[in-house]
Amino acid sequence: MWERTLQDLIRGLRTNKKDEAKFIAQAVNEIRQEIKSKDMELKAGAVLKLTYLEMLGYDMSWASFHVVEVMSSPKYHLKAVGYLAATQSFGPDTDVLMLTTNLLKKDLTSSPNDIAISLNGLSHTVSPDLARDLSHDIIVMLNHSKPHIRKRAVIAVYKALVKYPEATPFAISRLREKLEDQDPGVVATTINVLCEMVRREPRGHLSLAPQLFRLMTTSSNNWMLIKLIKLFGFLSPYEPRLVKKLQPPITELISTTPAISILYECVHTCIVGGMLRQTSGDSLAELCVTKLAAFLQDPDQNLKYIALLAFAKIVPTHRDLMAKYQDMILSSVGDQDLSIRMRALDLLSAMVTRDNLQSIVQQLLSYLVRPESTPFPVAAQSLAHNIASSTSDGTGPILAPTQLSSYRVTLVQRLLTICSHDTYENVVDFQWYLSVLLDLTYVASVKVGDQIRDQLVDIVARVRGVKRWAVELMTRLLRDDTFLANSQEEGSCAEVLWAAAWICGENSREIAEPQKLLPHLLQPAVSLLASETIGAYIQAAVKLFGAWSMELSQDWDSGKIQGVQEVVDALISRLKNFTSHPEIEVQERAANAVQLFTFIRADLASFRPEDSNVGLPVSDTGQHPAYPKSLLLINPLFSNYELNSVSVAAQDSIPVPEFLDLDVWIVPPPKELSMDDAATANDTQEGERPLTKKKVKNKGKGKGKERDSKVEIIKSHGSQPDHIPSPGPSETEEEKLEREKASRSRRLERMELRRHDPYYIPDRPYSAPSADDVDSIPVVRLDDLPPLSQETLYPSLLRDSASAIPSEPFVVDKNGEMPEGAVPPPPPSLKPPTPPMATRSTVAAPQVPSSFPAYVVDEQIPHTSTPEPIKVKRAKKKGVSSAKSRRTVAE
């Protein structure tokens, strides 16, 4: 019979590519027959072919026992095939591993070749049971006479300690001896193993520091030096004395070594080991930064990446050293490598201070400005351009990475994060920053309009001194018809128009001629915007008209009424176009505005000025004012209260009144009644039918009268019989009238409460209270409303130039407004950080993403436990039949 070898199997796979599954199925059937043979050579060949098929993804777990048989062969070349198949196919759940314990013990005491392949196989297939049973035998191999056996034994010891850590105290002493081994390969292997062990548990290996320090100062092997330096990077945070001991040799290595890998490991060890935080760490930090700066100019992208990564770790302690390399770092923002661009942005986010914020932001903005008529490419177009440029003579166009939409989104978001860090801590000139936000609106060309909108609203609410400049910029944006026409394009940032309308409406007093802005707010093209933006436009138009009409009332003459009527007619005409908008919010605002302006138009039409009152205030004439009173209708609706930012802790800081107990019922539940009592009470309460006694049959003689009396009281007074006096035999006429009046008032009160109860359906509709019932008329007190001040009614006509530079620095309201009598909020450690709140409940403040990944901390706020279930028992009265109703008692 002719058997296929591994070479034949490979040739067959190459020649049967069209029908590979059929060929492999046939080959597996042949292997199943061959592997059952008693000929060990044939069995080993079948295992070898099966191992190759397992590399292609086919399962060979069914042949695990046959693999163990081949491993036990006395011939070395067959044993090697068995161990190869075991390392390839055995796993922690392989059931035949327990059969290999004695086999491995035997091979570990055999010839050096058998020991070598058994150690190799054990390193891949070790399990917790094998590690426990063979750890002593493996540690003994550390003293073998052959260096290659000792190297393999060191690796096998590490694999066994991972599965069986209890053997670590016995093994660590032997591994320490291997640091003094005569063979450099054994020493290097031991250092590699110790590096992994120290990384897992640094505190338990501090005693190795003297030997490791001696090796670091005497060794010339670069790869061994890299591992030794990494080892000290793990140990230094747990032993402060190591920092002073390591600083001289580390400084010498940084200054003299030509190996870039050693240089980076030295810098990294200085950072993680805390050497730069020492009093003498400034000179070492300057040396590290100087060496790393050379990597930024290297054509190797890997060196540039690790330099930016190390810079980001040095910045928290030595930010001033990065100033001289700011231009080099900013040039990496436009690098072709995405990973380098992201690391550069992370570094810039950490470098920002009050002094360099404007220069960094301006240079980042320059990357967003693109040449005219340059469309943004999709991924396929970018790949095609790069392939075309690489296959040509090298002069083809290469797309700039800042033209990719995904990177532009990241760049804009990082820019907003840099400026808004810690509630605009680094922003000195808010007029400049508002101009930056407006520039971003035009040049971003990606979907970041909602984030720019939130920051605009937040700044105007927090910084009072910048409101006039903000209004100036927003009026320019609202008058830009080109921006409005392009609002439907992708990445147009049209959401910023919401902020523009909101800011102009809330600060309408800052606008010299508000009426000129009204046509821009209600032009037909506005209907193309989002519904929430249209609603803001309508609301802003009403506020602007209110501010303008207030100004007109201060300097009124009869010649202005025609102009006001024209403006009102135009507003009504344009607002009616929005009353049929698909969104109900837009419809409601437009309809309300139309009704307001219709009333104003009617008042203007009926206004008849008197010549004697022209120019005189109301108090001088004692008659009607010389201007239409409807001019003062709108402005007081929006200007009575000052708009302030709200603190994030305002809700939590409201104190609970002393008289308020949140653990008791606000409306106590009704008392539990028996079935007969409940039915009787319902008959009276729902329909208010005449009182009739209901007889209750009881076996006792006195119980029937007692029950009749109880039912009558419940019928008269609802579910609270304890509070209503029962009629007595000596009741006078006055007492009877008083009792009936109390009963009637309680009944009316109960009916009034149930009138507004959606879950209560009465038998007949409620009757309205009598017109003569004066007590039922509600009294509304208006004492709490603040009076309209003279300043509110008549604001000053003087306006400073919005572009004037403020004489005093801007003041940012970081905390926000707190309620009166607020108590201190709970400690921040008990609550996760909350982003700053907006100025209104409908406007969310920008949530600033962190430049670096945030730590995930579990909430430590205690949660209310689930209440215990209510146990229901049925109390059965003695002497009562089971057919009668039982009273349910809830405990």
Side-chain angles (χ1 to χ4, degrees), residues 438 441-442 449 452-453 456-457 460 467-468 470-488 492-552 563-583 585-598 600-601 631 633-635 637-639 643 802 840 842-843:
L438 187 62
T441 304
Y442 283 96
I452 300 175
R453 172 199 66 196
L456 284 170
V457 173
V460 172
K467 288 185 177 181
R468 294 184 177 181
V471 172
E472 175 69 21
L473 294 179
M474 295 303 102
T475 53
R476 296 178 189 175
L477 183 61
L478 292 174
R479 291 180 179 182
D480 191 349
D481 296 334
T482 304
F483 185 84
L484 181 60
N486 299 331
S487 61
Q488 298 302 309
S492 63
C493 296
E495 296 86 354
V496 181
L497 293 173
W498 186 99
W502 185 86
I503 292 172
C504 291
E506 291 293 334
N507 304 276
S508 55
R509 299 183 189 178
E510 307 294 340
I511 303 176
E513 297 177 327
Q515 74 279 9
K516 294 184 178 181
L517 194 59
L518 294 176
H520 298 280
L521 292 174
L522 299 177
Q523 57 182 309
V526 173
S527 60
L528 301 176
L529 299 175
S531 58
E532 58 269 14
T533 306
I534 300 175
Y537 267 53
I538 296 174
Q539 198 78 354
V542 175
K543 295 177 182 178
L544 288 173
F545 179 85
W548 178 57
S549 61
M550 179 69 69
E551 294 179 1
L552 290 178
V564 177
Q565 289 177 339
E566 292 177 357
V567 172
V568 172
D569 292 339
L571 288 175
I572 294 175
S573 176
R574 296 192 178 189
L575 285 170
K576 286 183 177 180
N577 298 329
F578 299 101
T579 56
S580 58
H581 194 273
E583 290 292 334
E585 180 71 18
V586 177
Q587 289 184 26
E588 183 178 4
R589 294 197 181 194
N592 291 337
V594 167
Q595 294 300 321
L596 281 174
F597 288 119
T598 302
I600 294 174
R601 181 172 60 181
L631 295 179
L633 174 64
I634 295 179
N635 192 68
L637 301 177
F638 304 103
S639 60
L643 181 66
R840 287 188 183 272
T842 58
V843 182

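As a basis for the values below, the full set of heavy atoms in this structure was taken, side chains included, without hydrogen atoms, waters or symmetry mates.
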Item checked: For L633, all residues meeting side-chain contact (heavy atoms from CB on, under 4.5 Å), sequence neighbours excluded -> L596, F599, I600
Notebook entry, point to check: Would a 4.5 Å heavy-atom cut-off, applied to side chains only, mark L544 and Q515 as touching?
Noted result: no
Margin query: Show the nearest heavy-atom pair for residues V460 and K467, with the distance to one decimal.
Written below: O-CE, 3.3 Å
Notebook entry, point to check: Taking 4.0 angstrom as the limit, do R476 and E472 come out as a salt bridge?
Noted result: yes
Notebook entry, point to check: Can you list every salt bridge (Lys or Arg N to Asp or Glu O under 4.0 Å) pair that touches residues 565-576, not counting sequence neighbours?
Noted result: D569-R601
Notebook entry, point to check: Does the side chain of W548 reach to within under 4.5 Å of the side chain of V564, using non-hydrogen atoms?
Noted result: yes
Checklist line | Distance (rounded to the nearest 0.5 Å) between R479 CZ and K516 NZ | finding: 7.5 Å
Notebook entry, point to check: Can you tell me how far CG of N635 sits from CZ of R509, rounded to the nearest 0.5 angstrom?
Noted result: 6.5 Å
Which side-chain N or O atoms in residues 526-541 pair as donor and acceptor under 3.5 Å with protein atoms at least two apart or in another chain?
{"unit_1": "S527", "atom_1": "OG", "unit_2": "P524", "atom_2": "O", "d": "2.7"}

Margin query: Restricting to ring pair (Phe, Tyr, Trp, His ring centres under 6.0 Å), what partner residues turn up for F483, sequence neighbours left out?
Written below: Y442
Item checked: Under the side-chain contact (heavy atoms from CB on, under 4.5 Å) test, residues paired with S580 that sit two or more places apart -> none
Next item on the list: Indicate the atoms forming the closest heavy-atom contact of P514 with S508, along with that distance.
Entry: CG-O, 4.3 Å
Check: Would you call I511 and C504 a side-chain contact if the rule is heavy atoms closer than 4.5 Å?
Finding: yes
Check: What class does the angle between the rings of W502 and W498 fall in, given that below 30° is parallel, 30 to 60° is tilted and above 60° is perpendicular?
Finding: parallel
Notebook entry, point to check: Are I634 and F597 close enough, and set up right, to give a side-chain contact (heavy atoms from CB on, under 4.5 Å), and what steps lead you there?
Noted result: CA-CA 9 Å; I634 295 179; F597 288 119; 3.9 Å; yes
Checklist line | Non-hydrogen atoms of V496 and G449 that approach each other most closely | finding: CG2-O, 3.8 Å
Check: Taking the side chain as C-beta and beyond, is there a heavy-atom pair between M550 and S639 under 4.5 Å?
Finding: no
Next item on the list: Measure across T579 and A591 and return the closest heavy-atom pair with its distance rounded to 0.1 Å.
Entry: CG2-N, 4.0 Å
Notebook entry, point to check: Do you know the tightest heavy-atom contact between L631 and S549?
Noted result: O-OG, 2.8 Å
Notebook entry, point to check: Excluding sequence neighbours, so at least two apart, what forms side-chain contact (heavy atoms from CB on, under 4.5 Å) with A525?
Noted result: L484, Q523
Notebook entry, point to check: What distance do L497 atom CG and R453 atom CZ have between them, rounded to the nearest 0.5 Å?
Noted result: 11.0 Å
Item checked: Euclidean distance, D480 CG relative to T475 OG1, rounded to 0.5 Å -> 11.5 Å
Item checked: Validation row: L456, L473 side chains within 4.5 angstrom (heavy atoms) -> no
Next item on the list: Go through the structure and list residues passing side-chain contact (heavy atoms from CB on, under 4.5 Å) with N592, not counting sequence neighbours.
Entry: E588
